[in-house]
Amino acid sequence: MGSKKKWLSAVTLMMAFVLVLAGCGGNNNGGGNTGGSGEGGGNEKAELTFMFRGGPEEQKAYKDTVAQYEKDHPNVKVKVITTAPDQYATKLKAAITGNSLPDVFFFDTGDLRAYVNGGVLLDITQYVEGMENVDISKLWQKGVDLYRYDGNQVGQGAIYGLPKDLGPFSLGYNKTMFEEAGIPLPDKDKPYTWEEFIKVNQQLTIDKNGDGKPDQYGTGFNVNWSLQAFVWSNGADWLDETGTKVTIDDPKFAEALQYFADMQNVYKITPSIEDAQTLDTYQRWMKGELAFFPVGPWDLATYESLPFDYDLIPYPAGSTGETATWLGSLGVGVSSKTKNPQAAAELVAYLTASEQGQQALVDAKIQIPNLVEMAEAWAANESTKPANKQEFLQIVNEYGRPLPGYRTYNAEWYQLFFTDIQPVLDGKVTAAEYVKAEQPKMQKLLDKAIEQEQKSKK
Amino acid sequence: MKTKSNLYRKEKYYGYLFILPPVLGFLIFALFPALYSLWGSFTDWDGLGRMDFIGLANYKELLADEQFHKALFNTFYLMLGIPVGLALALMLALSLNRGKFGTTTFRVIYYVPVISSLAAISILWQWAYNGDYGLVNQFLEIFGIEGPNWLANKHTVKPAIIIMTVWKGLGYSMLLYLAALQSVPRSYYEAADLDGANALQKLRHITWPMVQPVTFFIVVTSIIGGSQIFTEINIMTPTGGTEYSSATVVFYVWQKAFGNLQMGYASAMAAVLGLFIFVVTLIQFKLDKSSDNHD
């Protein structure tokens, strides 16, 4: 009996491995030709898979774009896979590890280098430059540059993706509130100084019902997304030029962080101490209880129904006198394992640069147009809210910067900064103490990221 | 031995054929990935490309990793909910076992959270815990208590999550206890009555020992489940909480593996967690056997 058992387990094990291998292989072939299944033209019909995340508006816009693409490419069929936004990253990484990557997919800007070095992304330069139906030279230069990489530096070299969108993170103000309070409106071309900003906020922090607690506040920023504007405009940064040293122990950095924390603890122009989580301040802004709040293009549809008038201005400027903020982006790339590189790269171009597709997304009010001309026409129209859409374009063209975490191989060191920051915001630790204690910890993680990057290049 | 019929011999193979699907499923979807991950834990691996063998380096690094220690502490802390849930479930089961009116209704009510989607429940509780508009604080306000912003405060976030997980698991444990209680022979209680035992003595000397196998089962499964708590954390505190106060081991594994391209390191953590669960379960089985003398 003993030997029989062994024999049986051996067979089972073998079958298991065969199945595993077959499973992997199947996925690889799946993207290839599915022709011969009674398709009319007699030609082989290529199938592309396209995976992305997005809301209903985006799904609709991309469906139309894909339909247009299929019309122009009768031999290609596109299978669209949509996932919930919070599951996308996990699903994508699982697909990479499992060797079943879709032909075309969205990816985070910050993962560009890892994906290129790891052989995940395909160099699509030759396919997308000089295409017939879609002209990518009409895209924001800065947007395309985000996806250029020469093996050492991002911003130059071959194209490994195109921007799904550019996300300038601007500042909005409640115009109605200003008018009611009789305060002169902020200048859209001249940022407030930090002192002016505090002063205006204090004027607008009001206890209306006299219960001793304000029910209208100046602002309420989420540290994760708004601290950058203050740090940068004060001439400091998380990283040095080379991207190898954490520079938060710069006194100018500490000054900016302290200013940020003092808005709550000293100047009391924001809602109470533990409410720094966005949900609450976001809701307060929507209810018209805040004077200033960040605005991204993805908010435009939601803000359409605000019960007050709002507009965009530059963030207040620190010691440099220059305003600053970040510019986000999401990439669309092609798998290096695709069977149809040409067709896949052209799909990327359609998704990012086709006029109909962009128009649909703009009409849905969830992003600014990727095409420069279209964007300028859109921004020039002051009849739609917010009037100063030009601010978005200025961020894209002039002063928007990538988030520091995206400049490095991974963002772990950067995340740690925000994980540990609460005591500073609560006023229990000074900014100067915090940056001093946190710098070595962050540097250690950054060193690790750099080491990982070196290794991935080999 | 030699006179076995053809049918008998064939039947044996049919038997194997029937158990083949689950065995295959286990090999492909559990054993193979587990071994692969174990191998990965000894490598420098970003999850994209090459795996370079580096021996125990990942494990050494774990020893000094502050965030891992925090995550480990949080995971244990959250398990404090297990005894609480156990006691509550037994109390509920005891009262429902008396068969007064409305038993079925209450059973259903307590069981609803169990069959609800964990993600949906986490979102609901996230709202309930909201500092300004949450149900919990609105309720506390009736008594003049100003509640904290539960999930954003590093001192309240873990208790808040414990309350939720206890509430979610209560119905399941209660149902198991109910079944166990109903199988305790009436005659034991009658005999105890004759001996003049009071209610507390009956609980201690009859009920508690009789339901012990169920208690054991619940404790073991809760510890295994509790070690792997993730969904609630990921939804309610997407960044792992203020100062990492709610991040658990699996949450940290997930961050490392899928956020920061450190699949090898994450695998090492997973291996440590797996070993921990294995050892704890082993100890529990040993303990259970040594106290298993009532029948």
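Below, chains carry the letters A, B, ... as their sequence lines are ordered, and counting in each starts from 1. When reading the values below, keep in mind they use all heavy atoms of this one structure, side chains included, and skip hydrogens, waters and symmetry mates.
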### Query
Hey, which residues of residues 39-48 of chain B are touching chain A, say heavy atoms under 4.5 Å apart?
D44(B), W45(B), D46(B), G47(B), L48(B)
### Message
Does any part of the side chain of V246(A), heavy atoms only, come nearer than 4.5 Å to the side chain of F417(A), both counted from C-beta?
### Response
no
### Part of residues 109-118 of chain A lying next to chain B, heavy-atom separation under 4.5 Å
A114(A), Y115(A), G118(A)
### Message
Taking side chain to side chain donor-acceptor pair (under 3.5 Å) as the definition, give me every residue that meets it alongside N137(B), ordered by chain and number, with sequence neighbours left out.
### Response
W150(B)
### Message
For the CZ atom on F53(B), are there more than 12 heavy atoms of other groups (residues, nucleotides or ligands in this structure) within a distance under 6.0 Å?
### Response
yes
### Query
Would you say Y217(A)'s side chain and T219(A)'s backbone share a donor-acceptor pair under 3.5 angstrom?
no
### Query
Quick one: does Y147(A)'s side chain have a donor or acceptor within less than 3.5 Å of a partner on G331(A)'s backbone?
yes
### Query
In terms of heavy-atom proximity below 4.5 Å to chain B, should L92(A) be classed as side chain, backbone, both, or neither?
neither
### Message
Using 0.5 Å steps for rounding, measure from the OG1 atom of T281(A) to the CE atom of M286(A).
### Response
11.5 Å
### Message
Let me confirm one number: the CD-NZ distance from E289(A) to K208(A), rounded to the nearest 0.5 Å.
### Response
8.5 Å
#### Entry: Cation-pi geometry met for K70(B) and Y244(B) (6.0 Å, 45°)
no
### Task
Before accepting this row, confirm whether a basic side-chain N of the pair K428(A)/D420(A) lies closer than 4.0 Å to the acidic partner's carboxylate O.
no
### Task
Any chance you could lay out the side-chain hydrogen bond (donor to acceptor under 3.5 Å, both in side chains) test for D215(A) and N209(A), step after step, and finish with the verdict?
CA-CA 8 Å; D215(A) 27 42; N209(A) 57 11; 3.3 Å; yes
### Summary
Applying a strict 4.5 Å limit to non-hydrogen atoms, the region of K256(B) in contact with chain A is side chain
### Message
Which atoms of E412(A) are under 4.5 Å from chain B, going by heavy atoms: the side chain, the backbone, both sets, or neither?
### Response
both
### Partner residues of E61(B) under the side chain to side chain donor-acceptor pair (under 3.5 Å) criterion, sequence neighbours left out
K448(A)
